[in-house]
Amino acid sequence: MARILVTGGAGYIGSHTSHHLLARGHDVQVLDDLSKGYAHNVPEGRLHVINLLDSSSLDRFLATHRFDAVIHFAAFIAVGESTREPERYFRNNTGGSLALLEAIERHGVRRLVFSSTAAVYGNPDSVPITEEAPLRPVSPYGESKLMTETTLKWLDACSGLRYAALRYFNACGAEAAFGIGEEHEPETHLIPLVFRAIRTGEPLTVFGGDYPTPDGTCIRDYIHVSDLASAHLAALESLLAGGASGVYNAGTGRGYSVLEVLRAAEQVTGRKVPFAVGPRREGDPAELVADSSKLRKTLGWAPRYDSLPAMVESAWRFESIRQGKRGT
Ligand code: UFG
């Protein structure tokens, strides 16, 4: 059993990982400023509402707990928004991470798992993407995460911090057993928007039908949020056992087009997805698929979900619970 600090644990991936950590017997405390996350996602009694840039509150908090490691999720995640408000993204994501790193150094915590992103690759020359592919972010969001990766690399070399950075591909799905799922405000992610289109009858806009892919729509590597949580556990436990730092792609290695996601949703829900093909969304690469062999081989990770309909079904189960609660 280890004592783990989870920043951003009220968000989508952070809350799933917190529940998985507890289920595995670790002790978990969550830091979140609730600017994006939801208190109801956090396991009972474990939430501390603190912003990472509030160094004195962070110091007071760290002085009253002794952590073995940190899993750091807290960040803004909207790629489009980051192009309109880059300063906010650099301050919150890169500045917040640096403040956290300085604070944990002061309090002697030397293990950290970092929530990075496939957005560090920008438009890849080829797929599947390995960790050695060129790092050329095309948004402030991707750059803000890469800057933290760079900081971590130097802290590993110069001050003995050991870290794992997980570069997420497209997280999706939900864990009905924990009663949590994907909720963003505003929502920009494909699968929740597909459900909204089914519910409201308002057509979903498919961003671009003229990409150089078999059906003309973008291809992404969808990974179930619980599999992402288990990747964090594997990375954490390796670090706690004395393992070296590393950077890992977190995806299943299989790509699906936007139209394939729509078809999976129709199959799962038994309803038609109203949609119209619109223009491309700026900054969307045609195809992002992970080569996740490093994560599999080095950390012994394997996804439990390998079919898109199963992932979509878990998201739909959460959506039904959520709508039931709202009484709509
Ligand atoms: N899409 C649509 N219509 C929509 C929403 C999305 O066609 O209304 C398409 C997008 O163009 C894309 C695919 O569905 O091809 C998936 O889009 P998402 O917005 O769900 O996810 P992204 O691939 O844009 O973003 C994900 C993460 C980001 C991360 C990025 C890495 O959510 O945090 O991958 O490139 F930065």
Side-chain angles (χ1 to χ4, degrees), residues 8 11-14 36 73-83 89 92-93 114-124 127-129 133 135-146 148-149 165-173 181-200 202-225 228 249-252 255-265 273-290 308 311-312 315:
Y12 173 45
I13 305 170
K36 298 284 174 191
F73 294 96
F76 293 155
I77 60 156
V79 176
E81 183 182 68
S82 79
T83 64
Y89 271 70
N92 187 68
N93 293 2
F114 176 55
S115 157
S116 190
T117 170
V120 297
Y121 297 114
N123 292 302
V127 290
I129 306 169
L135 302 172
R136 296 181 302 226
V138 292
S139 67
Y141 167 72
E143 190 76 64
S144 73
K145 290 281 184 172
L146 181 56
T148 298
E149 278 199 23
L166 299 180
R167 293 177 179 158
Y168 308 161
F169 284 66
N170 287 59
C172 69
E182 187 165 12
E183 295 179 85
H184 296 111
E185 190 47 50
E187 189 53 79
T188 60
H189 293 92
L190 179 61
I191 294 171
L193 290 176
V194 167
F195 294 155
R196 184 181 295 173
I198 291 175
R199 214 173 59 234
T200 63
E202 281 282 311
L204 172 96
T205 303
V206 171
F207 296 139
D210 59 351
Y211 283 97
T213 58
D215 67 17
T217 65
C218 287
I219 293 177
R220 293 288 179 274
D221 181 333
Y222 294 89
I223 172 171
H224 193 275
V225 65
L228 212 38
N249 283 339
T252 65
Y256 292 94
S257 72
V258 175
L259 293 183
E260 285 176 312
V261 173
L262 267 55
R263 273 200 292 280
V273 179
F275 74 93
V277 178
R280 293 181 178 194
R281 183 171 67 178
E282 205 188 324
D284 272 344
E287 189 169 1
L288 287 176
V289 177
L308 183 64
M311 296 189 221
V312 172

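Read the numbers this way: they start at 1 and go in the same order the structure lists the ligands and their atoms.
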(Q) To check your reading of the model: name the closest protein heavy atom to atom 36 (F) of ligand 1, its residue, and the distance in Å. (A) Tyr141 CE2, 3.0 Å
Q. So which protein heavy atom does atom 31 (C) of ligand 1 come closest to, and at what separation?
A. Ala119 N, 3.6 Å
Q) Relative to ligand 1, is Tyr222 under 4.0 angstrom through side chain, backbone, both or neither, heavy atoms considered? A) side chain
Q: State whether the side chain of Asn92 and the backbone N or O of Ala75 hold a donor-acceptor pair below 3.5 Å, judged by distance alone.
A: no
**Q.** Nearest protein heavy atom with distance in Å, relative to atom 3 (N) of ligand 1
**A.** Thr205 O, 2.8 Å
(Q) Given 3.5 Å as the limit, does a donor-acceptor pair link the side chain of Lys36 with the main chain of His184, or not? (A) no
Q. Hey, what do you get for OH (Tyr222) to CD1 (Ile191), rounding to the nearest 0.5 Å?
A. 6.0 Å
Q.
For atom 9 (C) of ligand 1, what's the nearest protein heavy-atom neighbour? Residue, atom name and distance, please.
A. Val258 CG2, 3.8 Å
(Q) Under a 3.5 Å distance rule, please check whether Asp221 uses its side chain to pair with a backbone N or O of Phe169 as donor and acceptor. (A) no
Q: Please confirm whether the backbone N or O of Phe76 pairs with a side-chain atom of Asn93, one donor and one acceptor, at under 3.5 Å?
A: yes
Q. Does Leu190 reach the side chain of Leu204, with side-chain heavy atoms less than 4.5 Å apart?
A. yes
Q.
One residue to check: Tyr168. Relative to ligand 1, which of side chain, backbone, both or neither has a non-hydrogen atom less than 4.0 Å away?
A. neither
Q: For ligand 1, note which part of His189 has a heavy atom under 4.0 Å away: side chain, backbone, both or neither.
A: both
Q. Which part of Thr188 is near ligand 1, with near meaning a heavy atom under 4.0 Å away: side chain, backbone, both or neither?
A. backbone
Q. Can you tell me how far the CG atom of Leu166 sits from the CZ atom of Phe73, to the nearest 0.5 Å?
A. 8.0 Å
Q) Should the heavy atoms of other residues, nucleotides or ligands under 6.0 Å from CD of Glu202 be counted, would the total exceed 12? A) no
Q. Considering only protein heavy atoms, which is closest to atom 15 (O) of ligand 1, and at what distance to one decimal place?
A. Cys218 CB, 3.0 Å
Q: Can you figure out which of Arg280, Arg196, Glu287, Arg281 has its heavy atom closest to atom 12 (C) of ligand 1?
A: Arg281
Q | Atoms of ligand 1, numbered as shown, that sit under 4.0 Å from any heavy atom of Leu204 | A | 8 (O)
Q. Hey, looking at atom 5 (C) of ligand 1, which of Phe207, Phe275, Tyr256, Tyr12 has the closest heavy atom?
A. Phe207
Q: Record the part of Val79 in heavy-atom contact with ligand 1 below 4.0 Å; permitted values are side chain, backbone, both and neither.
A: side chain
Q: Mind checking whether Leu190 contacts ligand 1 via backbone (N, CA, C, O), side chain (CB onward), both or neither, at a 4.0 Å heavy-atom cut-off?
A: both
Q. So, does Tyr12 use its side chain to make a donor-acceptor pair with the main chain of Cys172 at under 3.5 Å?
A. yes
Q: Provide, to 0.1 Å, the distance between atom 11 (O) of ligand 1 and the closest protein heavy atom, together with that atom's residue and name.
A: Asp284 OD2, 2.6 Å
**Q.** Intermediate values then yes/no, side chain to side chain contact (heavy atoms under 4.5 Å, CB included), Ile219 and Tyr211
**A.** CA-CA 9 Å; Ile219 293 177; Tyr211 283 97; over 6 Å; no
Q: May I ask you to decide if Asp210's main-chain N or O and Arg280's side chain share a donor-acceptor pair within less than 3.5 Å?
A: yes
(Q) Test of understanding: given a 4.0 Å heavy-atom threshold, classify the contact between Leu288 and ligand 1 as side chain, backbone, both, or neither. (A) side chain
Q: Go through ligand 1 atom by atom and flag the ones less than 4.0 Å from a non-hydrogen atom of Thr117.
A: 29 (C), 31 (C), 36 (F)
Q: Name the option, out of Leu259, Leu193, Asn170, that contains the heavy atom nearest to atom 26 (C) of ligand 1.
A: Asn170
Q) Relative to the heavy atoms of Val206, which atoms of ligand 1 are at a distance of less than 4.0 Å? A) 7 (O)
Q: Spell out, as yes or no, whether a donor-acceptor pair under 3.5 Å connects the side chain of Tyr89 to the backbone of Val79.
A: no
Q: Below 4.0 angstrom from a heavy atom of Ile77, which ligand 1 atoms are there? Numbered from 1 as shown, please.
A: 33 (O)
